[in-house]
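Since the structure comes first, as C-alpha cells, the remarks are kept for the end.
Heavy atoms only: backbone and side chains are in, while hydrogens, waters and symmetry mates are out.
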Amino acid sequence: MRDLKQLVKAYDVRGVVPDQWDENLSRAFGAAFVQVTGASAIVVGHDMRPSSPLLSQAFAEGAAGYGADVVLIGLCSTDQLYYASGSLDLPGAMFTASHNPAEYNGIKLCRAGAAPVGQDTGLSEIRELVESWTAADDTVTVPARDVAPGALSEQDTLRGYADHLLGLVDLTAIRPLKVAVDAGNGMGGHTVPTVFDGLPIDLVPMYFELDGTFPNHEANPLDPKNLVDLQAKVREVGADLGLAFDGDADRCFVVDERGEPVSPSAITALVAAREIARARAAGEDEPTIIHNLITSWTVPEVVRALGGKPVRTRVGHSFIKQEMAVTDAVFGGEHSAHYYFRDFWRADTGMLAALHVLAALGGQPGALSALTAEYDRYAASGEINSTVADQAARTAAVRAAYAVEGTEVDELDGLTVAGPDWWFNLRASNTEPLLRLNVEAKDPARMAELRDGVLAIVRA
C-alpha cells in the first residue's frame, strides 16, 4: 500500500509523479482539504511543471465534489497564490515542487488569508482522511457527499498581485537600473515582466521561458552552481545587480554588480532597516523583526540599533509565520532567502524583497556592494550537510567538546553554541540521516577553525 507519510511532508505534499501520486490521489486531496477546512470556496493555482495542470484540475474537481466553489487562477508563482488567498480571503492550494527536479510535484496549502497549513494545522488530518479512502491495492475511492457540487470559475490575479506589491514599495523616484534576472525557466518568467513593467529598469531576462523540465539549470539558487550563469551575465552586461528566483518564484537571491552573491542575511538586515523605518514613521515604537536562529548576528544588531525588536525563531516558515502572528512583526527573514511581510498576510514573497532592494539601491548613487557592506559583518560557513549514522550521538559528541565554561548553549532548534565572537548551530534533518552545520565568526580564520573542528567530530 502507498505510504502517504512519504508524500505528505511537514509543510506540504511533495513526491514523484506518477510513482508516488497521480490525478486520482490529487482529487482525493481536494475533497479532504475541503472537509478538513470546512471551506465553502477555495482558490487553486499551479506552476509550469508538465504535470501541474492536470493535477490541479483534479484537485479542483475533488474540492468541487465536496461542495466548494473553486477559483482557478492558472499559472502563478507561490506568492501570487498567497496574494489570491489573502485578497479573496479564501483557502488556497498551489501546485508546485519548488526547486525539485521535473518528475516531482506537490501542493502548498493555506487557509484564508494565506495562513499556513502544516502537520499541526490540518495537514496530518488531510493525510489521515485520504488514507482512510485508500484501499490495499492503492485505489482511492472518495465517498460521495450529500451536497450540491461547487462551481469552477477562472480569474486572472497577476495584475492585482503586481499592483499590490508595487503599492508597498515606492519605486517612483529611483534612478534607472540595469537588472539581470535569472528565472530558471520557472515562474519568475511569468511574474517579473508584469511587476517590472513601467519601472525605470533595463531588464536583462535569462531563462524566462516556462519549462518545467528545467533545461538550463536547476531552479534552486541556494546551490551556488545555479548562480554561475547569472553572475557571468551581470559582469558581461554591466548590470547594477542580478536577481535569481527559484522554481515557484517565492524565493529570490541577489547578486551584486561584481557578480558576487549577497547573503540572505544581509538582505534580511537591509529590508528590516527599511521596514523598521516605515513602521516607526507610522507611529510604532518598537517594530518587531523575526529572524531564524541561523541568520547572521548582523540582523539582530541592525534591528536593535534602529529601534526595532529582534525575535529569534526556529528554522521553517510555519515557525516564522506563527511568531509573526503572535508578535505582530512587520517583517521576517530566513537564511534560505524566504522573506515574510506583515503587509503581505505574513506570507513569504521573494518579489517584494527584491523590490525593496531595488528601491534601496535606486534611491542612492552608490553600488550594491557598498550598500550591503554594512550588513556583512561576519564570516559565515553557509550550511554544510554531513551524512551520519547516529544524529543524536554525533550531536552529543559536539556538545561535549564545545559546550564548555564561557559559552552559551541552547537547543531551540538543534544545538547552538556561542562564544564572544562566534557561534555555530548543528541541526538534524527531519527526513534524511543528515546533520546540518552553520558557523559564523568575526573573522574567516576563526570561522574556518570552528567549522573544521566541528566537522571532524561530526564525521568521525
Side-chain angles (χ1 to χ4, degrees), residues 12-23 26 29-30 43-60 70-85 92-110 154-162 165 180-197 203-223 226-227 229-230 243-253 337-338 347-351 354:
D12 59 14
V13 177
R14 195 172 302 192
V16 175
V17 179
D19 298 352
Q20 290 182 284
W21 71 302
D22 54 20
E23 292 161 50
S26 186
F29 273 107
V43 58
V44 177
H46 65 81
D47 71 8
M48 67 292 139
R49 291 169 183 272
S51 59
S52 288
L54 291 178
L55 288 173
S56 61
Q57 181 68 29
F59 183 96
V70 182
V71 179
L72 298 165
I73 64 171
L75 280 167
C76 66
S77 62
T78 290
D79 62 332
Q80 188 183 334
L81 184 280
Y82 291 151
Y83 161 77
S85 172
M94 173 67 188
F95 279 74
T96 182
S98 185
H99 60 274
N100 285 117
E103 64 269 21
Y104 282 80
N105 214 321
I107 322 172
K108 294 182 178 180
L109 300 168
C110 63
E154 297 181 0
Q155 186 168 331
D156 185 354
T157 59
L158 180 56
R159 184 70 258 172
Y161 158 81
L165 294 181
V181 177
D182 185 344
N185 298 109
M187 294 311 303
H190 172 73
T191 56
V192 168
T194 299
V195 176
F196 283 20
D197 182 41
L203 176 63
V204 183
M206 300 176 62
Y207 314 139
F208 271 37
E209 304 79 19
L210 300 183
D211 189 339
T213 66
F214 307 111
N216 294 289
H217 60 70
E218 290 180 350
N220 180 18
L222 190 59
D223 188 334
N226 298 319
L227 289 176
D229 290 357
L230 176 64
L243 303 173
F245 291 90
D246 66 346
D248 60 335
D250 62 347
R251 289 186 296 154
C252 183
F253 288 72
H338 281 287
D348 41 324
T349 165
M351 186 68 78

(request) Please list, chain by chain and in numerical order, all residues satisfying side chain to side chain donor-acceptor pair (under 3.5 Å) with T213, sequence neighbours excluded. (result) D211
(message) On a heavy-atom basis, which atom in V43 and which in A84 lie closest, and how many Å separate them?
(response) CG2-CB, 4.0 Å
(message) Testing the basics here: between A354 and C252, what is the closest heavy-atom pair and its distance to 0.1 Å?
(response) CB-SG, 3.9 Å
(request) Test Y104 against T96 for side chain to side chain contact (heavy atoms under 4.5 Å, CB included), laying out the working first. (result) CA-CA 8 Å; Y104 282 80; T96 182; over 6 Å; no
(message) Is any side-chain heavy atom of L55 closer than 4.5 Å to one of V17?
(response) yes
(request) Calculate, to the nearest 0.5 Å, the distance between atoms CE and CG belonging to M206 and L230 respectively. (result) 5.5 Å
(request) Apply side chain to side chain contact (heavy atoms under 4.5 Å, CB included) to L54 and list each qualifying residue two or more places apart in sequence or on a separate chain. (result) E23
(request) Would you mind reporting whether N226 and P221 have side-chain heavy atoms less than 4.5 Å apart? (result) no
(request) Please confirm whether the backbone N or O of V16 pairs with a side-chain atom of Q20, one donor and one acceptor, at under 3.5 Å? (result) yes
(request) Decide yes or no for S56 and I107: does some side-chain heavy atom of the first lie under 4.5 Å from some side-chain heavy atom of the second? (result) no
(message) Any heavy-atom pair between the side chains of Y82 and C110 that's under 4.5 Å?
(response) yes
(request) Count the heavy atoms of every other residue, nucleotide or ligand shown that sit under 6.0 Å from CZ of F196, and state whether that count exceeds 12. (result) yes
(request) Could you tell me whether the side chain of S77 reaches within less than 4.5 Å of the side chain of M351, counting heavy atoms only? (result) no
(request) Return the set of residues passing salt bridge (charged side-chain N to carboxylate O under 4.0 Å, His left out) with D12 (not counting sequence neighbours), or none when no residue passes. (result) R14
(request) Starting at CG of D156, measure out to CG of L72 and round the result to the nearest 0.5 Å. (result) 12.5 Å
(message) Nearest 0.5 angstrom please: Y161 OH to I73 CD1, how far?
(response) 11.0 Å
(request) List for me each residue that meets side chain to side chain contact (heavy atoms under 4.5 Å, CB included) alongside N216, sequence neighbours excluded, and say none if there are none. (result) N185, Y207
(request) Mind checking side chain to side chain contact (heavy atoms under 4.5 Å, CB included) for L222 and listing every partner two or more places apart, or none if nothing turns up? (result) N220, R251, F253
(request) Using the test side chain to side chain donor-acceptor pair (under 3.5 Å), find all partners of H338 that sit at least two apart in sequence or belong to another chain. (result) D348
(request) Check the pair M94 / D47 against side chain to side chain contact (heavy atoms under 4.5 Å, CB included), numbers first and verdict last. (result) CA-CA 8 Å; M94 173 67 188; D47 71 8; 4.1 Å; yes
(message) So which atom in F208 and which in G188 form the shortest heavy-atom distance, rounded to 0.1 Å?
(response) CE2-O, 4.5 Å
(request) Could you list all the salt bridge (Lys or Arg N to Asp or Glu O under 4.0 Å) pairs where at least one residue sits in residues 97-108, not counting sequence neighbours? (result) K108-D248, K108-D250
(request) For S51, enumerate each residue passing the side chain to side chain donor-acceptor pair (under 3.5 Å) test, keeping only those at least two apart in sequence or located in another chain. (result) N105
(request) Could you pull out all residues at least two apart from Q155 that satisfy side chain to side chain contact (heavy atoms under 4.5 Å, CB included)? (result) V71, L88, T157
(message) Using the salt bridge (charged side-chain N to carboxylate O under 4.0 Å, His left out) criterion, which residues pair with D19? Sequence neighbours excluded.
(response) none
(request) Could you pull out the closest heavy-atom pair between A219 and G184, with the gap in Å? (result) CB-O, 3.8 Å
(message) Once ring pair (Phe, Tyr, Trp, His ring centres under 6.0 Å) is applied, do any residues pair with F95, and if so which ones, sequence neighbours excluded?
(response) F59
(message) To the closest 0.5 Å, what do you measure between CG (D223) and CG (D246)?
(response) 13.0 Å
(message) Is the shortest side-chain heavy-atom distance between S26 and W21 below 4.5 Å?
(response) yes
(message) Working to the nearest 0.5 angstrom, can you tell me the gap between S52 OG and H46 NE2?
(response) 7.0 Å
(message) H217: which residues meet the side chain to side chain donor-acceptor pair (under 3.5 Å) condition with it, sequence neighbours left out?
(response) D182
(message) With rounding to the nearest 0.5 angstrom, report the CE to CG distance, M48 to L75.
(response) 9.0 Å
